[in-house]
Amino acid sequence: MKEYKPKEIEPKWQKYWEDKELYKADDLSPKPKYYYLIEFPYPSAEGLHVGHPRSYTALDILARKKRMQGFNVLYPIGWDAFGLPAENYAIKTGTHPRVKTEENVQNFKRQLKALGYSFDWSREINTTDPQYYKWTQWIFLQLFKKNLAYKAKMDINWCTACNVGLANEEVVDGKCERCGGEVVRKEREQWLLKITEYADRLLADLDKVDYWEKIKKQQIDWIGKSYGAQVVFKIKSSTMLKGEHMYDLSVYTTRPDTLFGATFMAVAPEHELIEKFKHQIDNHEEVKDYVEQAKHKSELERTNLEKVKTGLELHGLKAINPVNDEEIPVFTADYVLATYGTGAVMAVPAHDQRDYEFAHKYNLPVKEVIRPYLLGALAGCDKAIEKEFKKLEIAYFYHEESSVYYIEADVKLKQSIFQLIKKYISPNYYADLWINGVIYIISQSDIFDLHDKKQFKKAQELVGAMEIPQEYADLKKIQKEWQDFIFDPIWDQVALPKAYESDGFLVNSEFLNGLGLQKATDKICDWLKKQGKGFRTTDYHLRDWVFSRQRYWGEPIPIIICPKCGYVPVPEDDLPVKLPEMKNYRTTKTGDSPLALAKDWLNVACPQCGSRSQRETDTMPQWAGSSWYFLRYVDPHNDQALADKDKLKYWTPVDWYNGGMEHTTLHLLYSRFWHKFLYDIKVVPTPEPYAKRTSHGFILGEDGEKMSKSRGNVINPDDVIKEYGADTFRVYIMFMGPFDQATPWNTQGVVGVRRFIEKVWQIGHNLDNKKRGNDDDLVRLTHKTIQQITKQTESLDLNTCVSAFMILINKYQEEGCNSENFELFLKIFAPLAPHVCEELWSNLGHQDSIFLEAWPEYDKRLVKATVKEIPVQINGKVRSKIFIAEDLAESAVKEKVLTDEKVKEWLQDKPIKQFIYVKDKIINIVI
RNA sequence: GCCGAGGUGGUGGAAUUGGUAGACACGAGGGACUUAAAAUCCCUUGGAGAUAAAACUCUGUGCGGGUUCGAGUCCCGCCCUCGGCACCA
């Protein structure tokens, strides 16, 4: 027998596959199509990370299987090659980023090929190829023409280390995502894309796609749609003349129902109000200082958790509450964001925690307008309970005369309050608590709901009929009494320990009094509309996408800035706007892109009027090229369009897209946005780019920590392939743990998988064809395994698939195996370990590749067992096991069980209370 | 603080979604082969107890309650770990 030498067989088969063009996808084939997509890598200088193969291997397995099932499969690869590392390297060494990138691509290619992936290499693309980015620029121009790309002066996140503007998404913990440098706010002209215009559709269309729920959830949260109202407060200044038109200050609120509780206004330091009223604000100098300070705070300081809220009153100004004409003070405070809503808020300290904190600090009134549904009087408890109320932040008031605690809390706290009372009550005493009008009697061990007849009776038995009169059971009567109780002035004495932000009854709100949150919201919105003082509206967390980078190594934005015509698009015939050759790749001192120094490239005539003009020097972010790459795979060499319409119609949408969880909010959202836009302008045939999206977990270092150079726990795929072979690597990476969870690397585990493959090799060379017969356990297990693998590969339960293969091989080893079974095994194992299976397949005398075989069907009869071993429990504990033939009637089963020796022993002569037989599962006898 | 995932042997992890907890693999211990080692093969391996040996008994899925004939799985209350977001009115 030959020794198993992956180093010899793997390159051999890789070459064979390539020569035979086995994985080339046919355009417009009559076969059903399937499009698998993995996130194309950034070709970094470090080479392939072990994280890449986790995703690539999983989809490679699925792609190989799908081809065997008769599908025309597209499984492409390319390079997301623009990006900072190549540029930083260029700055350091003077080498053009293209040179280094090309070198890295070659290295990646070598590594990926060594893993035997079934990519269709004829469709390889590269985002830095002018023939590719021509179309990235083309898409930008279409966006520009539809007014979805615009330039605006705005505060951007500016990394002080990279000297570059960053998108919100690239700022992590107030620091630059890439270099960790400090981020400050800086005003600059930036290109933005109006992704917010698509927010609603990006949200709604999640219903149309099959993404993992957690992925959908993240997108929903990121878009962050909220429902509320815009309300107009009039601003009045002390110097104002009678009859002079008052300024309208609009605020956005999600809680218009709390309008009567507004006790002050707060505007962002950037708000126009401050500039407009600079002559009316008495303390304008002081205010100016505050605004200036806020501006210079870094992103880190602004987002600092511990920060105490600061603000300053604008003296001389008052806002008028539209519902009751009450005059309230106006503040500026940097906890109000200029970029959300209208940049101004109505502050309701009683029902918003931030406003509560601010009011506390500046001694502003807290006016309660919502009473929780859960509140009540509690008699007969120890004073120790007060401490616990404070801990749970429950508002309470102790009434000396009646020795009753009046408490007020969120419904969520109901259970906690029960526990609390049970804990503090003395053994022979009973407390009564009123919640939502229902009375509960609470003892140390029990809680009785008096509305429940049975419980009422029990409570009466324990406490006595004197203590619990019959009328306590009359829910309607008690609830009416309780409603009045809510408006009892006693509550005005309760100091709120924090803002109450949930549902409840409106109080102190004139015409809203007594309503619940929803009804009050409806009523106040109608009222505002009628009065012309506000309207219902929605808002989003999602912001427009900052699309400018002041960098060299990116797609130039194809715009010409003409002194007469403004922003003029480069004519489509002139695309691509190629990056000019340069010697210096550093951002200029003024913060402009290095392209500003390429004089020959920079100066052009305006395409509209011919005036001397300049090109836009900003480049696009890395997200641009990756927002549409999956469309280019469909038709990668087309120079007339980004892809041919018929081909798009045939191949798209992507059927299954797998990638990192870290890309769900940025890349996934951006590319959905572009795709929807392309759909609107009739370039692509589907409204959604990806039918299905899954994610893989991280691979951690052997120490359980994230792999990083500095920790020295990085595993290099090259070393693993060299030592154990690509098949071992592939199988191990699937075996190591659940696909979607983070799992540490374990070299010992790799050794185990290698041993397993050696076993396969050995069996493949020692087949015993004397073993025959359909009823044979081996045949059964083989078919069961086919069933399991067919199903579980689709759900990405790949670790249990590997374990199923191991069980099968152990059985083969134990019992000997014939070639019929072994060939079936090879076919289903081939997608995981393609090289070794191909080799063994050809050893068995087959001329053609195993991947041209059809995926085996399992025999339904063989999968079903005719006799089953079933556990017998007595009082829930397993005491015996018996064999039962299929379809045996329950009475026969019972008879059989009762004659079992062990069962008899346990039963003795005790009477059987219950006999439970769950078919094919279990028997339980209760005695 | 909010959202998400998770907590099962010495380790990575299984468990048909309420039905024999610990599959499969690693590690460890013992044995066979060998002059020896490596490789390979065989046995043992959650914990405790019992026995000459086996059958056997108890206990056990982060903690405390509950529902159920039966709970790793469902409900209520807590604790811890990891990931994401973070003044979004």
Side-chain angles (χ1 to χ4, degrees), chain A residues 172-174 213-215 217-218 220-222 224-226 228 251-256 258 266 302-305 307 309 333-337 339-348 351-355 357-358 414-416 418-420 501 539-543 661-662 664-665 697-698 700 704 706 732 735-738 740-753 755-756 758-759 762 788 791-792 797 799-807 809-810 813 869-881 902 913-916 918-927:
Chain A
V172 175
D173 289 333
E213 278 311 312
K214 60 177 170 184
I215 295 172
K217 183 90 178 47
Q218 272 203 18
I220 292 168
D221 288 351
W222 194 265
K225 184 171 187 174
S226 71
V251 298
Y252 173 71
T253 174
T254 53
R255 293 294 301 276
T258 62
R302 257 182 92 98
T303 53
N304 186 2
L305 258 184
K307 202 187 82 179
K309 290 185 176 44
D334 69 357
Y335 80 91
V336 180
L337 302 177
T339 46
Y340 186 77
T342 60
V345 299
M346 64 174 212
V348 184
H351 306 290
D352 181 288
Q353 190 55 28
R354 294 154 304 180
D355 299 343
E357 281 163 28
F358 193 85
K414 184 170 151 181
Q415 290 296 333
S416 306
F418 281 159
Q419 303 272 332
L420 188 72
E501 295 179 326
D539 213 334
Y540 303 88
H541 286 194
L542 190 70
R543 309 288 161 79
M661 205 61 202
E662 71 275 21
T664 12
T665 43
F698 277 120
L700 307 170
K706 212 168 157 179
Y732 172 67
F735 183 56
M736 62 194 300
D740 60 331
Q741 259 165 250
T743 318
W745 184 270
N746 179 349
T747 301
Q748 287 303 328
V750 183
V751 174
V753 170
R755 284 208 272 260
F756 162 65
E758 297 262 9
K759 236 187 245 181
Q762 200 145 49
Q788 190 182 346
K791 194 175 147 206
Q792 293 196 340
D797 291 316
N799 52 336
T800 49
C801 284
V802 176
S803 126
F805 283 126
M806 286 172 168
I807 292 169
I809 283 299
N810 286 345
Q813 193 185 36
E869 191 188 31
I870 288 186
V872 180
Q873 295 186 334
I874 289 162
N875 284 349
K877 286 191 177 155
V878 179
R879 298 302 183 189
S880 180
K881 286 167 195 180
K902 276 188 211 155
K913 272 196 204 156
Q914 209 179 345
F915 185 88
I916 295 151
V918 183
K919 196 167 181 301
D920 293 343
K921 294 251 165 92
I922 207 160
I923 292 157
N924 194 8
I925 303 170
V926 187
I927 53 172

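Note that this is a predicted model, so its numbers are computed, not measured.
- Under the side chain to side chain donor-acceptor pair (under 3.5 Å) criterion, A/D221 pairs with A/K217, sequence neighbours left out.
- When rounded to the nearest whole Å, the span between CD of A/Q353 and P of B/rC87 equals 15 Å.
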Shorter than 3.5 Å, N or O on both sides, protein versus nucleotides 39-45 of chain B: list them out with atom names.
none

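- Among the nucleotides B/rC87, B/rC24, B/rU20, the one closest to any side-chain atom of A/Y335 is B/rC87.
- In this structure, the side chain to side chain donor-acceptor pair (under 3.5 Å) partners of A/Q792, at least two apart in sequence or on a different chain, are A/Q788, A/T800.
- Distance CZ (A/F698) to C1' (B/rC82): 12 Å, rounded to an integer number of Å.
- For A/E501, the salt bridge (charged side-chain N to carboxylate O under 4.0 Å, His left out) criterion is met by no residue, not counting sequence neighbours.
- For B/rG60, the base adopts the anti conformation, since its glycosidic angle falls more than 90 degrees from zero.
- Nearest-nucleotide mapping onto RNA chain B: of A/V918 and A/M806, the residue sitting toward the 5' end is A/V918.
- Set against B/rA23, B/rC3, B/rC69, the side chain of A/S803 has B/rA23 as its closest nucleotide.
- Remark: the separation of the C1' atoms in B/rU67 and B/rC75 is 7 Å, to the nearest Å.
- Of the C1' atoms belonging to B/rC74 and B/rC56, the separation is 33 Å, rounded to the nearest Å.
- We find that CZ of A/R543 is positioned 13 Å from C1' of B/rC85, with the value rounded to whole Å.
- One can place CD1 of A/I874 at 16 Å from C1' of B/rG19, the figure rounded to the nearest angstrom.
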Any N/O pairs under 3.5 Å between the protein and nucleotides 4-13 of chain B? List them or say none.
unit_1: B/rG12; atom_1: O2'; unit_2: A/M736; atom_2: O; d: 2.6

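- For A/T254, there are no side chain to side chain donor-acceptor pair (under 3.5 Å) partners at least two apart in sequence or on another chain.
- The heavy-atom pair separating A/G228 from A/Y252 by the smallest distance is N-OH, 3.5 Å.
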Close N or O pairs between protein and nucleotides 58-62 of chain B (under 3.5 Å):
unit_1: B/rC58; atom_1: OP1; unit_2: A/R879; atom_2: NH2; d: 3.2
unit_1: B/rC58; atom_1: OP2; unit_2: A/R879; atom_2: NH1; d: 3.3
unit_1: B/rU59; atom_1: OP2; unit_2: A/K877; atom_2: NZ; d: 3.2

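- Closest approach of A/V251 and A/M346 over heavy atoms only: CG1-N, 3.8 Å.
- Looking at residues two or more places apart in sequence or on another chain, you find no salt bridge (charged side-chain N to carboxylate O under 4.0 Å, His left out) involving A/K759.
- Listed nucleotides B/rU20, B/rA89, B/rC24 differ in distance to A/K881; the shortest reach to its side chain belongs to B/rU20.
- Across B/rG47 and B/rU40, the matching C1' atoms stand 33 Å from one another, rounded to whole Å.
- Between A/G341 and A/Q792, it is A/Q792 whose nearest contact on RNA chain B lies nearer the 5' terminus.
- Atom OH of residue A/Y335 and atom CD of residue A/E357 lie 9.0 Å apart, to the nearest 0.5 angstrom.
- Relative orientation of the A/W745 and A/Y732 rings is perpendicular, given thresholds of 30° and 60° on the angle between their planes.
- In this view, A/D797 and A/S795 satisfy the side chain to side chain donor-acceptor pair (under 3.5 Å) rule, not counting sequence neighbours.
- Put simply, CG on A/L542 is 15 Å from P on B/rC85, counting in whole angstrom units.
- Legend: residues meeting salt bridge (charged side-chain N to carboxylate O under 4.0 Å, His left out) with A/K919, ordered by chain and number and at least two apart, are A/D887.
- Of the C1' atoms belonging to B/rG46 and B/rU8, the separation is 10 Å, rounded to the nearest Å.
- Taking atom P in both B/rA55 and B/rG6, the straight-line distance is 38 Å, to the nearest Å.
- Taking atom P on both nucleotides, B/rU11 is separated from B/rC3 by 32 Å, rounded to a whole Å.
- Distance alone, capped at 3.5 Å, is enough to place a donor-acceptor pair between the A/D539 side chain and the A/G341 backbone.
- For the OP1/OP2 pair of B/rA89 and a distance below 4.0 Å, the side-chain nitrogens and oxygens of A/Y252 include no atom meeting the criterion.
- In RNA chain B, runs of at least 3 stacked Watson-Crick or G-U pairs (N1-N3 plus N6-O4 or O6-N4, or N1-O2 plus O6-N3, all under 3.5 Å) give these stems: B:1-7 with B:79-85, B:10-12 with B:24-26, B:27-32 with B:40-45, B:46-49 with B:56-59, B:62-66 with B:74-78.
- Close to B/rG70, at under 4.0 Å from its OP1 or OP2, lies no side-chain N or O of A/Q873.
- Rounded to whole Å, the P atom of B/rC79 lies 45 Å from the corresponding atom of B/rG30.
- Spacing between B/rA25 and B/rA14 at atom C1', rounded to whole Å, works out to 11 Å.
- Atom CD1 of residue A/I215 and atom CD1 of residue A/I220 lie 12.0 Å apart, to the nearest 0.5 angstrom.
- Anti is the classification of B/rU16, since its glycosidic angle lies more than 90° from 0.
- Between A/T665 and B/rG84 there is no side-chain N or O to OP1 or OP2 distance below 4.0 Å.
- Expressed to the nearest 0.5 Å, how far OG1 of A/T743 lies from CZ of A/F698 amounts to 12.0 Å.
- Of the candidate nucleotides B/rG27, B/rA89, B/rG70, B/rG27 has the atom lying nearest to any side-chain atom of A/Q748.
- The salt bridge (charged side-chain N to carboxylate O under 4.0 Å, His left out) check on A/D355 picks up nothing, with sequence neighbours excluded.
- Taken from CZ in A/R879 to CD1 in A/I925, the straight-line distance is 11.5 Å, to the nearest 0.5 Å.
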